[in-house]
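Contents: one structure, followed by commentary.
Remember, predicted model here, so these are calculated numbers, not experimental data.
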Amino acid sequence: MGKIIIIASGKGGTGKTTATANLGAALAQRGHLTAVVDMDMGLRNLDIILGLESEIVFDISDVIDGTCTLDEAIIKDKDYENLYFIPSPQTRGVSFINDDSVKAVWEQIKSRFEYCIVDVPAGVDGGFLYAAMSADSAIIVTMPELTALRDADRAVSVLEDMGIEDIKVIINRIRPDMIDRGIMINVDDCVDTLGVPVAGLVPDDEELLISALKGELAVSNEQSKAGTAFKNIAARLDGVNVPIMDLEEKKSFWKRLFGKK
């Protein structure tokens with residue numbers, strides 16, 4: 001049986017969907033049969049990030065209510081050999097979902113894939129709960145700022161109450177210069193606030209944006225520090241001991257010599 005990992009956040013705008021796509025692609029690059037599933041019903045975006053929006057015929061709601069089979073809803077990614085995508089409905093909420101039916105679909109997915117990476121909606125309701133009910137582990141994506149951390153802490157509490165013990169955090173869009181200036185919260189304080197292990201640190205990276213504008217994922221851009229960070233996180237999920245990326249900006253020889261910042 002495969003492993004279901006939900007990618008969650010307490011609030012929107014933390015980069016959760018981008019993290020889902022890149023982690024799924026990185027696991028596929030490592031040779032694992034991987035599904036990325038969009039559970040953000042009514043507000044889907046994962047299809048756009050993957051460049052598969054024109055390929056959708058059925059979605060996970062059709063599988064849950066029996067309109068189609070799982071095979072009919074699965075979309076093969078065009079760029080990654082081992083990556084598959086199951087979309088969310090664009091206009092349908094979660095009111096139709098029956099607990100037993102959705103659990104049965106998760107069991108089907110686990111029987112087919114080594115990893116299932118699930119993009120859940122921000123907050124702790126609806127699609128979040130229906131994905132979490134069958135999750136083996138969870139990764140909270142947050143940023144080093146107070147409101148994101150407060151909402152992430154709430155998500156951690158809900159997941160713990162649901163019995164999920166394996167919870168980690170990705171601290172995303174880190175700007176060391178802004179931490180030095182006291183604008184962003186430093187990483188140690190972020191970790192202390194949430195009280196869960198760190199899956200990885202991801203820098204704020206212009207190359208990630210460039211990749212997105214080209215319709216590519218950062219894990220395929222060798223120049224992207226964020227892409228490297230996501231590949232490292234995927235390796236850790238795969239049981240490999242990879243050091244956490246050092247995000248400190250290195251000064252040049254001349255700047256160090258003259259004490260320039």
Side-chain angles (χ1 to χ4, degrees), residues 1-8 15-40 46-47 49-52 55 59-60 63 69-88 103-120 131-141 164-170 172 197-202 208 211-212 215-222 224-245:
M1 296 292 284
K3 185 175 185 180
I4 294 178
I5 304 172
I6 63 169
I7 311 297
K16 167 181 58 63
T17 301
T18 298
T20 302
N22 279 281
L23 289 176
L27 288 165
Q29 286 177 327
R30 296 181 63 82
H32 296 291
L33 199 61
T34 304
V36 288
V37 180
D38 194 341
M39 280 295 286
D40 198 352
L46 188 54
D47 57 319
I49 291 176
L50 293 170
L52 297 172
E55 306 295 319
D59 57 57
I60 195 165
V63 183
T69 65
L70 180 61
D71 281 332
E72 290 174 313
I74 292 174
I75 299 169
K76 172 74 174 66
D77 189 84
K78 295 177 289 187
D79 299 319
Y80 300 91
E81 179 62 30
N82 297 302
L83 186 63
Y84 294 80
F85 170 56
I86 304 172
S88 168
K103 285 180 181 179
V105 171
W106 289 129
E107 289 303 310
Q108 286 186 65
I109 293 171
K110 288 181 73 167
S111 71
R112 295 278 302 275
F113 296 94
E114 294 175 77
Y115 286 99
C116 174
I117 312 299
V118 187
D119 183 24
V120 304
M133 67 169 54
S134 295
D136 298 290
S137 61
I139 295 175
I140 307 295
V141 181
I164 297 177
E165 298 179 355
D166 184 6
I167 305 172
K168 296 182 176 66
V169 62
I170 290 174
N172 196 22
V198 174
L201 308 178
V202 181
L208 186 148
S211 294
E216 301 171 352
L217 295 179
V219 292
S220 291
N221 181 348
E222 295 297 328
S224 173
K225 292 182 180 179
T228 299
F230 284 125
K231 285 190 283 190
N232 289 347
I233 295 167
R236 293 185 198 106
L237 294 177
D238 206 18
V240 180
N241 185 13
V242 181
I244 296 291
M245 179 182 289

Lys231 and Val219, any side-chain heavy atoms less than 4.5 Å apart
yes
Qualifying salt bridge (Lys or Arg N to Asp or Glu O under 4.0 Å) pairs, either residue in residues 236-245, two or more places apart:
Arg30-Asp238
Determine whether Ile74 and Arg112 satisfy the following criterion, side chain to side chain contact (heavy atoms under 4.5 Å, CB included), listing intermediate values before the conclusion.
CA-CA 11 Å; Ile74 292 174; Arg112 295 278 302 275; 3.9 Å; yes
Can you give me the closest heavy-atom contact between Val120 and Met39, atom names plus distance?
CA-CB, 4.5 Å
I'd like to know if the side chain of Asp47 and the backbone of Leu52 have a donor-acceptor N/O pair within less than 3.5 Å.
no
Nearest heavy atoms of Leu217 and Ala21, plus distance in Å:
CD1-O, 3.8 Å
Cys116 side chain reached by Trp106 side chain, heavy atoms, under 4.5 Å:
yes
Does the side chain of Asn22 reach to within under 4.5 Å of the side chain of Ile233, using non-hydrogen atoms?
no
Going from CG on Asp71 to CD on Gln108, what distance comes out if it is rounded to the nearest 0.5 angstrom?
8.5 Å
Ile5 vs Lys168 side-chain heavy atoms within contact, under 4.5 Å:
no
Do you know which two heavy atoms are closest between Val105 and Val63, and how far apart they sit?
CG2-CG1, 3.8 Å
Please name all residues satisfying side-chain hydrogen bond (donor to acceptor under 3.5 Å, both in side chains) with Tyr80, sequence neighbours left out, ordered by chain then number.
Ser220
How about NZ on Lys3, more than 12 heavy atoms from neighbouring residues, nucleotides or ligands closer than 6.0 Å, or not?
yes
Give, for atom CG of Leu50 and atom OH of Tyr84, the distance between the pair rounded to the nearest 0.5 Å.
14.0 Å
Under 3.5 Å, side chain of Asn172 to main-chain N/O of Val141, donor-acceptor pair present?
no
Mind checking the OH-CG spacing from Tyr115 to Leu83? Nearest 0.5 Å is all I need.
14.0 Å
If I take atom CG from residue Leu201 and atom CD1 from residue Ile170, how far apart are they, to the nearest 0.5 angstrom?
9.5 Å
Picking from Leu46, Thr20, Val37, what satisfies side-chain contact (heavy atoms from CB on, under 4.5 Å) with Ile117?
Thr20
Does Ile49 reach the side chain of Thr18, with side-chain heavy atoms less than 4.5 Å apart?
yes
Check whether any side-chain heavy atom of Phe113 sits under 4.5 Å from a side-chain heavy atom of Leu27, and report yes or no.
no
Those residues that, when tested against Glu114, pass side-chain hydrogen bond (donor to acceptor under 3.5 Å, both in side chains) (two or more places apart)
His32
Could you list the residues that satisfy side-chain hydrogen bond (donor to acceptor under 3.5 Å, both in side chains) with Glu55, not counting sequence neighbours?
none
Return the set of residues passing side-chain hydrogen bond (donor to acceptor under 3.5 Å, both in side chains) with Asp119 (not counting sequence neighbours), or none when no residue passes.
Lys16, Thr17
Please confirm whether the backbone N or O of Thr34 pairs with a side-chain atom of Asn82, one donor and one acceptor, at under 3.5 Å?
no
Scanning both residues in full, the closest heavy-atom pair of Ala229 with Met245 reads N-CE, 3.6 Å
Please list all pairs passing the salt bridge (Lys or Arg N to Asp or Glu O under 4.0 Å) test where one or both residues lie in residues 73-86, with sequence neighbours left out.
none
In terms of heavy-atom contacts, Ala132 and Ile164 come closest through O-CD1, 3.6 Å
Can you give me the closest heavy-atom contact between Gly200 and Ile244, atom names plus distance?
CA-CD1, 4.1 Å
